[in-house]
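Residue numbers start at 1 and run along the sequence shown.
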Amino acid sequence: LPIYTNPILSFVDNIESDLPVEYKENGLYLVTNNAVYFSRNELWESTFVSSEKLTDVDVANFEGIGGYYGRDLNNVYFMEKVIPGALPNNFELVEIQYFDPDFDINRELLLGISGEKLFYGNTLLEGINSLDFHVENCVIFDDDTLWYQVDRMQVEQGDLSKKDSYSDC
């Protein structure tokens with residue numbers, strides 16, 4: 001294939017290989033001969049707008065595992081960043097559906113679990129045990145700790161005693 005027939009490739013700058021590049025699409029990741037790129041896309045569309053090269057990645061063993069997540073033998077990645085504390089050999093994704101009454105639609109929340117650690121994107125939800133947590137709307141909590149979605153890509157820790165006040169996030 002010529003390099004620019006794929007929309008992901010058109011946003012990859014300085015591919016470190018002679019043309020033609022052998023590549024495989026792996027979700028939102030592009031794996032070339034000797035590099036892995038995360039391709040950012042427009043919200044709700046499949047239009048790719050830029051790509052970021054992952055650093056210190058094991059290219060031969062990299063795989064996209066769903067959503068914005070990928071892994072190799074040494075690390076788990078969210079977009080182009082390593083998720084500190086996530087172990088690739090036991091990292092799994094959990095998809096949670098919830099109803100958003102403000103927009104009268106069902107939404108999806110994708111969380112990462114590694115052992116007893118729970119992750120939202122590359123953020124460790126400190127204090128929440130991955131073996132016993134709940135989700136209500138955009139609020140993630142257990143008996144002791146609460147986190148809530150600030151926007152599509154960010155969470156913050158909140159006050160568990162005020163759980164109902166975060167339901168509009």
Side-chain angles (χ1 to χ4, degrees), residues 8 11 25-30 36-58 61-169:
I8 298 175
F11 289 97
E25 292 179 54
N26 225 322
L28 293 175
Y29 292 93
L30 174 72
V36 177
Y37 298 86
F38 173 77
S39 298
R40 298 179 184 280
N41 64 336
E42 294 286 344
L43 185 61
W44 313 121
E45 296 181 21
S46 59
T47 305
F48 293 92
V49 296
S50 70
S51 291
E52 299 292 332
K53 183 177 176 181
L54 280 66
T55 57
D56 300 321
V57 64
D58 179 355
N61 293 298
F62 182 85
E63 65 175 340
I65 56 176
Y68 296 121
Y69 294 88
R71 70 174 155 215
D72 61 18
L73 294 177
N74 303 305
N75 296 301
V76 179
Y77 300 86
F78 178 74
M79 300 167 105
E80 72 278 3
K81 297 182 179 163
V82 171
I83 303 175
L87 303 174
N89 61 341
N90 73 354
F91 188 86
E92 59 187 79
L93 295 175
V94 176
E95 182 179 309
I96 297 169
Q97 302 285 328
Y98 68 92
F99 181 73
D100 184 339
D102 292 336
F103 294 95
D104 195 34
I105 60 172
N106 288 317
R107 293 197 184 267
E108 170 186 300
L109 187 63
L110 194 59
L111 300 173
I113 294 178
S114 181
E116 292 185 6
K117 296 177 181 175
L118 186 65
F119 297 88
Y120 180 88
N122 60 353
T123 302
L124 171 62
L125 303 181
E126 292 185 49
I128 294 187
N129 186 329
S130 69
L131 304 175
D132 185 27
F133 70 94
H134 310 279
V135 175
E136 289 181 12
N137 293 336
C138 51
V139 179
I140 307 157
F141 63 97
D142 64 10
D143 292 338
D144 303 313
T145 309
L146 175 141
W147 288 78
Y148 65 98
Q149 240 179 326
V150 176
D151 61 31
R152 187 172 161 262
M153 302 299 264
Q154 182 181 356
V155 289
E156 290 184 2
Q157 195 163 5
D159 184 344
L160 185 61
S161 68
K162 299 178 182 176
K163 180 173 68 81
D164 294 335
S165 68
Y166 300 107
S167 63
D168 293 338
C169 50

Side chains of residues 127-134: which donor-acceptor pairs under 3.5 Å do they make with residues two or more places apart or in other chains?
{"unit_1": "N129", "atom_1": "OD1", "unit_2": "L131", "atom_2": "N", "d": "2.7"}
{"unit_1": "S130", "atom_1": "OG", "unit_2": "G115", "atom_2": "O", "d": "2.7"}
{"unit_1": "S130", "atom_1": "OG", "unit_2": "E116", "atom_2": "O", "d": "3.4"}

Subject >> For the student: nearest non-hydrogen atoms of L73 and P88, plus distance >> reply: O-CG, 3.4 Å
Subject >> Which residues share a side chain to side chain donor-acceptor pair (under 3.5 Å) with Q157, sequence neighbours left out >> reply: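 Expected list: none.
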Subject >> Electrostatic pair E63:R71 at N-O distance under 4.0 angstrom >> reply: yes
**OP:** Take I113 and L111 through the test side-chain contact (heavy atoms from CB on, under 4.5 Å) and record every step on the way to the result.
**Re:** CA-CA 7 Å; I113 294 178; L111 300 173; 5.5 Å; no
Original post:
If you draw a 6.0 Å radius around CG in D56, do more than 12 non-hydrogen atoms from other residues or ligands fall strictly inside?
Top reply: no
**OP:** Please work out which of the three classes, parallel, tilted or perpendicular, describes the rings of Y69 and F91, given edges at 30° and 60°.
**Re:**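 The rings of F91 and Y69 sit tilted, inter-plane angle from 30° to 60°.
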Subject >> Y148: which of E136, E156, K163 passes side-chain hydrogen bond (donor to acceptor under 3.5 Å, both in side chains) >> reply: E156
Subject >> By side chain to side chain contact (heavy atoms under 4.5 Å, CB included) - contacts of V155 (at least two apart) >> reply: Y120, T123, L125, W147, Q149
**OP:** Go through the steps to decide whether N75 and L54 satisfy the test side-chain contact (heavy atoms from CB on, under 4.5 Å), and finish with yes or no.
**Re:** CA-CA 11 Å; N75 296 301; L54 280 66; over 6 Å; no
Subject >> Residue that, paired with Y68, satisfies ring-ring contact (aromatic ring centres under 6.0 Å, His included) out of F38, F119, Y77 >> reply: F38
Original post:
Rounded to the nearest 0.5 Å, how far does CD1 of I140 lie from CD1 of I96?
Top reply: 7.0 Å
